Amino acid sequence: MKTRSFPSTPLLCLALFICFFPLAMKAQSVPPNVAEKDYTAYLFAYFTGNRIEEEAVRFAISPDGYRYYALNNNDPILDSRTISSTGGVRDPHILRGENGKTFYMVLTDMVSSKGWDSNRAMVLLKSDDLINWKSSVINIQQKYPNQENLLRVWAPQTIYDKEARKYMVYWSMKHGDGPDIIYYAYANADFSDLESEPKQLFFPKNGKSCIDGDILYKDGLYHLFYKTEGHGNGIKHATTDRLTSGQWKEDDDYKQQTNDAVEGAGTFKLINSDTYILMYDVYTKGKYQFTKSTDLEHFEVIDEEISMDFHPRHGTIIPITQKELKTLIDKWGKPKAYPEIAWKNNPILEGYYADPEILYSQKTKKYYLYPTSDGFDGWSGYYFKTFSSDNLKDWKDEGIILDLKKDVPWAGRHAWAPAIEEKKIKGKYKYFYYFTGAQKVGMAVADSPTGPFTDIGKPLVDKRPEGIKGGQEIDPDVFTDPKSKKSYLYWGNGYLAVVELNNDMVSIKSSSPKIITPSDGTFREGAYVFYRKGIYYFLWSEDDTRSENYRVRYGTSKSPLGPIEIPKDNLILSKVPEKGIYGTGHNSVLQMPNSDEWYIVYHRFNIPNGIKMGQAAGFHREVCMDKLEFRTDGSIVPVVPTN
């Protein structure tokens, strides 16, 4: 895993520890629920016109943010009659929730043929899969007092207010002869209603109407793009550092790059880029214009780079993952002209994870992955999750199975590099989970591969073996010898130790571990042991997980207790710069049930940004899996890492 290995010189060891420890203990960032590296496409939600059949939500997808293709043959993905009070909806705004898995959409509840001052309501929708949506109609005039002269409720959008820890819905309203003003209210936890009365969010200092607000957060500021309704009909820009402060700095200039009237500003960031797109509806010409910017102040037209096989009106765009793209295509089909999709094999998990342990469960006949939760600064993660699959391709997040802060008081921090063993004891399957916590080896037990796991209350290993002067007590591995049925625990950073476990799997048979560190000087950490055709294989990681040269070597033995023999050319997994693959290490191995088919599961720097992150690449890693093959003499063929 983390390779904070220490040299054998005690003084240098202490110096490294002093330098490292403050970094690990300072306030740490929390990894995003969806990492930008996992976005592979875009989803565009829009409507198409002023006829009743056009006032409905439609979806399109894009592989690059420039080329867009309508899903469902450009037919609606929701029936406006069942979700609205008027029979029509307009101006869809779509948002990914803070948990990364929930989506929110808000719509203008309106049929334009009844007049521009005819609507009083909006629609709130919520989904966990982008396919099935729960909807609620919020009629502002009926819900709140003193709304007798309300004429219109236009273009709602949603943003998460980090200060209030709630979802804010904001929209424009016009009362009587007054101007259009952008108001806000907070949604309830269910996103089925508004829980607060509308309050003014923004009104320009010139006292003139503003509609179609779109808010983007960047570099500590909220950027509001809005339309000057009825006076210029263009896009202006204002900023604030607090959403509800009422203090906005307004730019004087218009941001649209056309002399035609525009509305419906929408902004989004291009994946793995510093470029932002500002798009808007050139409604008098029946087309969209796209512009780009890196500072949200100066914009360049990129219309010649944009293509669509449909004609959208006021809509919004979000990035989506490969899994979400597949869900949309499975539901509505791949548009004929959409480029051929090169589905990625790796990484196999979305998000930042490392040190993967894989298990095939005899009880459930499923596969389980047990990684380190990565993405925390300085390897400061504190909980473990597991993922399940029945095909090694689609992985279900089973949630947190052990939280060191809540469940393991002797540790509380630095949740690293787990290992697991399934054993049938007295006719029942039990699951024995070995993990690193606070640089010690811990142990927890469960009756299911998905937990909940219960810590045994103390570490199994909390000090260096006798004679070992450097390194850390981390990276456990558990192995049950198919010949003797004995189980062994391995661990170590800078050294490799092994002890036999008692039959209860929660205690050690001897307090004196055997040191079996490979003799070639390459061992750093992450040992993994397996057995095949009479040979015990020992795999380990060399170098440092922060290094692009982190890699896997192996040795063999006639015994699970060593000694370990070093084959010639024992490097079996390493970087492939031409593929952008770096930092390949800390693995486990899977034998497919009842076969001689094998896979190696490992982590690497995240692609494409890891190699640019410096030492932070060492805690922003991703989990991959590739074939593990053997020659006829039992030697391991070097693995070919794939994307």
Side-chain angles (χ1 to χ4, degrees), residues 39-51 53-80 83 88-96 103-108 123 125 127 129-133 155 157-158 212 214 262-271 273 275-283 285-292 302-343:
Y39 290 132
T40 60
Y42 301 82
L43 173 64
F44 188 0
Y46 60 95
F47 77 108
T48 55
N50 296 334
R51 293 184 297 172
E53 63 270 20
E54 295 172 329
E55 293 173 314
V57 180
R58 289 163 166 84
F59 278 175
I61 52 176
S62 169
D64 53 15
Y66 292 90
R67 298 168 293 165
Y68 292 85
Y69 305 86
L71 287 171
N72 198 32
N73 296 314
N74 202 29
D75 288 332
I77 58 98
L78 291 170
D79 186 346
S80 298
I83 63 173
V89 296
R90 302 165 64 93
D91 318 318
H93 177 263
I94 190 167
L95 175 76
R96 182 187 299 274
F103 297 90
Y104 302 96
M105 195 155 52
V106 285
L107 317 168
T108 304
V123 181
L125 302 102
S127 174
D129 59 7
L130 293 171
I131 307 298
N132 302 289
W133 295 85
Q157 296 208 16
T158 309
D212 293 359
D214 181 72
V262 304
E263 64 184 12
T267 51
F268 66 96
K269 181 177 177 289
L270 290 177
I271 299 166
S273 167
T275 298
Y276 290 81
I277 299 296
L278 168 64
M279 62 183 196
Y280 36 81
D281 184 354
V282 189
Y283 57 94
K285 297 293 180 67
K287 66 176 184 178
Y288 250 88
Q289 182 165 80
F290 276 59
T291 65
K292 69 179 181 179
I302 55 171
D303 287 349
E304 68 282 356
E305 301 176 52
I306 304 299
S307 63
M308 299 179 184
D309 63 2
F310 56 98
H311 297 285
R313 297 289 313 279
H314 191 156
T316 46
I317 293 172
I318 60 170
I320 54 175
T321 66
Q322 175 175 282
K323 183 177 180 181
E324 291 157 357
L325 176 64
K326 186 175 185 300
T327 297
L328 292 166
I329 287 176
D330 286 347
K331 173 64 177 179
W332 288 300
K334 184 172 90 64
K336 289 182 180 179
Y338 195 89
E340 200 59 40
I341 301 171
W343 300 109

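Computed from a predicted structure; not experimentally measured.
Counted within 6.0 Å of NZ on K326, heavy atoms from surrounding residues, nucleotides or ligands total 12 or fewer; the atom is thus considered open. In this structure, K334 places its NZ atom where more than 12 heavy-atom neighbours from other residues, nucleotides or ligands lie under 6.0 Å away.
Side-chain atoms of I318 and F268, non-hydrogen and from C-beta on, never get closer than 4.5 Å to each other. D214 has its side chain out of reach of L278: every pair of non-hydrogen atoms, C-beta onward, lies at least 4.5 Å apart. Counting only heavy atoms from C-beta outward, the side chains of M105 and L78 approach each other to under 4.5 Å. Residues F44 and Y288 form a side-chain contact, since some pair of their non-hydrogen atoms from C-beta on lies under 4.5 Å apart. Under the 4.5 Å side-chain criterion, counting only non-hydrogen atoms from C-beta, I83 is in contact with V89. D75 places none of its side-chain heavy atoms less than 4.5 Å from the side chain of W332. Side-chain atoms of I329 and I61, non-hydrogen and from C-beta on, do get closer than 4.5 Å to each other. Side-chain contact between Y39 and K269 is absent, with no heavy-atom pair separated by less than 4.5 Å.
Using a distance-only test at 3.5 Å, with no hydrogens or angles considered, a donor-acceptor pair links the side chain of S127 to the main chain of N132. Between the side chain of T267 and the main chain of Y276, no donor-acceptor pair closer than 3.5 Å is present. Here the side chain of Y42 pairs a donor or acceptor atom with the backbone of I271 at under 3.5 angstrom. Between the Y283 side chain and the H314 main chain, no donor and acceptor come within less than 3.5 Å of each other.
Within the model, atoms OG1 of T291 and CD1 of I277 stand 7.0 Å from one another, a figure rounded to the nearest 0.5 Å. We find the CD1-CZ distance between I77 and F59 to be 4.0 Å, quoted to the nearest 0.5 Å. Atom-to-atom distance recorded for T316:OG1 and Q157:CD is 6.5 Å, nearest 0.5 angstrom.
When all heavy atoms are compared, the tightest approach of L130 to W133 is O-NE1, 3.2 Å. For the pair D212 and A155, the tightest heavy-atom approach, listed with the atom from each and the gap, is OD1-CB, 3.2 Å. The minimum heavy-atom distance linking L325 with A41 is given by the pair CD2-CB, 4.1 Å. The heavy-atom pair separating A337 from Y69 by the smallest distance is O-CE2, 3.4 Å. Considering every non-hydrogen atom in both L71 and G333, the closest pair reads CD2-O, 3.5 Å. Nearest heavy atom pair, residue F47 against residue E54, reads CB-O, 3.7 Å.
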Open item on the list: Assess the residue pair I131 and L328 against the criterion (side chain to side chain contact (heavy atoms under 4.5 Å, CB included)); give the C-alpha distance rounded to whole Å, side-chain angles, the decisive distance to 0.1 Å, and a yes or no.
Closed with: CA-CA 7 Å; I131 307 298; L328 292 166; 4.1 Å; yes

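Residues forming a side-chain hydrogen bond (donor to acceptor under 3.5 Å, both in side chains) with Q289 (at least two apart in sequence, or on another chain): Y280, D303. Applying the side-chain hydrogen bond (donor to acceptor under 3.5 Å, both in side chains) criterion to D64, with sequence neighbours excluded, gives S62, R67. T275 meets the side-chain contact (heavy atoms from CB on, under 4.5 Å) test with L270, S273, K292, T294; sequence neighbours excluded. With sequence neighbours excluded, no residue forms a side-chain hydrogen bond (donor to acceptor under 3.5 Å, both in side chains) with T40. Looking at residues two or more places apart in sequence or on another chain, you find a side-chain contact (heavy atoms from CB on, under 4.5 Å) between A70 and Y46, N74, D309, F310.
Pairs of residues two or more places apart, or lying in two chains, that qualify as salt bridge (charged side-chain N to carboxylate O under 4.0 Å, His left out) and include a residue from residues 311-320 are E263-R313, D281-R313.
Considering T108, T48, N50 as possible partners of R90, the one that fulfils the side-chain hydrogen bond (donor to acceptor under 3.5 Å, both in side chains) test is N50.
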